[in-house]
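Structure first, commentary second.
Atoms within each ligand, like the ligands themselves, are counted from 1 in listed order.
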Amino acid sequence: MELLHELRQKIDNFDDQLLELLNERMKVVKAVGELKNQEKSIIYRPEREKSIIDRLETQSQGALNRTAIEAIFQEIFAVSRNIELPEKVCYLGPEGSFTHQAAESRFGGMSEYIPLRNIRSVFDNVETGRVRFGVVPIENNQEGSVAETIDMLCEKDVKIVAELPMPIQFSFASLEDNTKNIETIYSKDIAFRQCREFLQDYFGEHVRFIEVSSTSKAAKLALQNPNSAAICSHIAAKLYGLPILFDNIEDSKDNVTRFLILAKDFVNQKSNEDKTSILAKLPDEPGGLVAFLQEFSERGINLTKIESRPARIKDSFKYWFLIDFDGHYHDAPVREVIDQNPGTVTFLGSYVKLC
Ligand SMILES: C=C(O[C@@H]1C=C(C(=O)O)C=C[C@H]1O)C(=O)O
């Protein structure tokens with residue numbers, strides 16, 4: 001017991017030092033915020049945050065790897081940004097959704113969050129400037145693209161600030177501490193599908209599976225109904241104070257959703273690894289797409305994604321192409337492709353490449 005006391009005393013001393021240093025850091029952050037305010041420049045600088053993480057990773061000699069450094073420092077950055085200027089973040093709801101979890105991973109516990117009922121509302125709120133940032137899913141590597149997000153990128157005047165890949169991990173949460181007492185499990189159809197092996201291993205035929213519209217609704221129901229449980233996101237369980245019995249119950253460990261952070265009129269500076277997204281509305285003629293793609297190949301630009309969506313113009317079968325490629329708007333070859341094709345190309349943003 002004496003040893004435990006000594007060790008905890010050491011931890012307390014480190015915490016005191018950390019707090020002092022963090023307070024000193026926040027004083028400097030505040031000064032940066034005032035400078036940005038005078039220059040009317042942007043608060044959120046994902047490329048600067050990435051370079052800090054890169055530098056700390058190379059310096060770290062102890063137990064902290066990149067993931068741990070990121071987890072700690074993303075929260076510090078989010079608190080810093082709130083000290084510079086508190087900003088609102090809207091996301092595809094409901095509260096406790098995976099998009100909420102993605103938003104919190106970048107904007108931290110101190111930001112003001114607004115859950116919205118659909119993807120169009122997120123774009124509307126960002127486009128009108130009512131809310132500074134919006135978070136929406138764009139694709140899942142098991143289920144494919146989110147068509148509504150691509151359609152809204154075509155329709156609305158917003159920019160991509162950052163991409164955010166997040167593993168989709170399900171939690172099994174219940175007020176019951178013994179799985180034998182569970183008679184009903186609530187969740188969304190897709191979550192039941194993705195946790196099949198866990199359910200087969202732990203539950204027999206006597207259990208009822210009830211599909212609801214969201215995993216956060218499932219968590220709420222599990223809280224209200226005895227002998228029940230929910231398969232939900234970590235954040236939903238936390239939100240409703242529902243104890244987690246098992247974490248990471250999904251069958252596939254490779255289930256990743258890519259989210260986008262959106263803002264109006266946003267220009268990121270270059271980092272050492274960027275990606276650019278554009279929309280191209282190409283002439284409806286033979287070779288139109290090939291000729292356009294040729295421009296990338298001639299300049300040695302590596303394409304990472306190309307996806308077509310109907311332009312939805314009456315009596316026409318024209319298509320928009322969403323194209324992602326390596327590089328930043330401030331790289332000469334990228335700028336050439338974009339600027340030499342006015343009318344055809346809409347620039348959506350250059351941002352730190354994370355996947
Ligand atoms: C302090 C700044 O503003 C924000 C906060 C950062 C931080 O806490 O280090 C880094 C980049 C910005 O998103 C800055 O631009 O340096």
Side-chain angles (χ1 to χ4, degrees), residues 14-15 17-60 62 64-91 99-114 122 126 129 131-136 158-166 258-277 328-330 348-355:
F14 284 127
D15 287 346
Q17 289 176 48
L18 279 172
L19 184 67
E20 201 177 319
L21 281 172
L22 284 170
N23 272 318
E24 289 303 314
R25 188 184 200 276
M26 292 308 162
K27 281 188 202 157
V28 181
V29 162
K30 216 166 170 197
V32 171
E34 279 157 16
L35 207 65
K36 286 179 182 169
N37 192 23
Q38 281 165 23
E39 293 169 356
K40 301 264 166 292
S41 70
I42 289 162
I43 301 291
Y44 183 23
R45 304 264 45 148
E47 79 290 343
R48 162 74 180 148
E49 294 181 3
K50 177 178 181 283
S51 76
I52 295 176
I53 305 268
D54 288 348
R55 184 174 53 79
L56 294 177
E57 185 189 8
T58 57
Q59 277 199 11
S60 179
L64 298 186
N65 61 13
R66 188 178 179 96
T67 311
I69 293 170
E70 247 172 356
I72 296 166
F73 276 81
Q74 281 300 347
E75 198 61 44
I76 294 177
F77 298 148
V79 172
S80 301
R81 282 185 251 123
N82 258 288
I83 282 178
E84 287 181 71
L85 179 73
E87 282 177 315
K88 293 192 183 103
V89 182
C90 60
Y91 62 89
T99 314
H100 187 187
Q101 192 164 314
E104 262 214 17
S105 76
R106 277 299 172 279
F107 294 96
M110 256 179 80
S111 292
E112 185 184 339
Y113 293 97
I114 304 163
V122 175
V126 173
V131 180
R132 180 78 171 118
F133 295 107
V135 184
V136 290
V158 300
K159 294 279 175 287
I160 301 171
V161 173
E163 67 175 354
L164 181 49
M166 192 180 81
R258 187 173 157 249
F259 296 88
L260 296 180
I261 300 177
L262 309 165
K264 197 171 166 63
D265 304 327
F266 202 94
V267 188
N268 280 312
Q269 280 162 14
K270 265 178 76 154
S271 76
N272 53 1
E273 217 181 355
D274 292 299
K275 190 193 249 188
T276 295
S277 296
H328 191 282
Y329 181 70
H330 292 146
L348 291 176
S350 293
Y351 46 93
V352 174
K353 180 178 176 175
L354 293 179
C355 56

task: Could you give me the CA-CA distance, side-chain angles and deciding distance for Asn82 and Ser111, then say whether side chain to side chain donor-acceptor pair (under 3.5 Å) is met?
output: CA-CA 7 Å; Asn82 258 288; Ser111 292; 3.0 Å; yes
- prompt: Checking ring pair (Phe, Tyr, Trp, His ring centres under 6.0 Å) for the pair Tyr44/Phe107: CA distance, chi angles, key distance, verdict?
  reply: CA-CA 10 Å; Tyr44 183 23; Phe107 294 96; 5.6 Å; yes
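In this structure, atom 3 (O) of ligand 1 lies nearest to the protein heavy atom Glu84 OE2, 2.6 Å. At the shortest separation from atom 14 (C) of ligand 1 among protein heavy atoms lies Lys36 NZ, 3.4 Å. What sits closest to atom 12 (C) of ligand 1 on the protein, heavy atoms only, is Ile43 O, 3.4 Å.
Among the atoms of Arg45, some N or O lies under 3.5 angstrom from an N or O of ligand 1.
Atoms of ligand 1 lying under 4.0 Å from at least one heavy atom of Ile52, given by number and element, are 9 (O). The contact set between ligand 1 and Tyr44, taken as ligand atoms under 4.0 Å from a residue heavy atom, comprises 13 (O). Near Phe77, meaning under 4.0 Å from any of its heavy atoms, are these atoms of ligand 1: 7 (C), 8 (O), 9 (O). Every atom of ligand 1 with a heavy atom of Ser80 under 4.0 Å away is listed here by number and element: 8 (O).
Taking every heavy atom of both residues into account, Leu164 and Ala102 meet most closely at CD2-O, 3.4 Å.
Nearest residue to atom 8 (O) of ligand 1 from Arg81, Arg25, Glu49 is Arg25 (criterion: closest heavy atom). Of the candidates Val32, Leu35, Asn82, Ile42, the one placing a heavy atom closest to atom 16 (O) of ligand 1 is Val32.
Looking at Glu49 and Arg106, no side-chain N of the basic residue comes within less than 4.0 Å of a carboxylate O on the acidic one, giving no salt bridge. At a threshold of 4.0 Å, the pair Glu47-Lys50 does not count as salt-bridged, since none of the basic side-chain nitrogens sits closer than that to a carboxylate oxygen.
Under the salt bridge (charged side-chain N to carboxylate O under 4.0 Å, His left out) criterion, Glu34 pairs with no residue, sequence neighbours left out. Every side-chain contact (heavy atoms from CB on, under 4.5 Å) that Glu39 has, sequence neighbours left out, goes to Leu35, Ser41.
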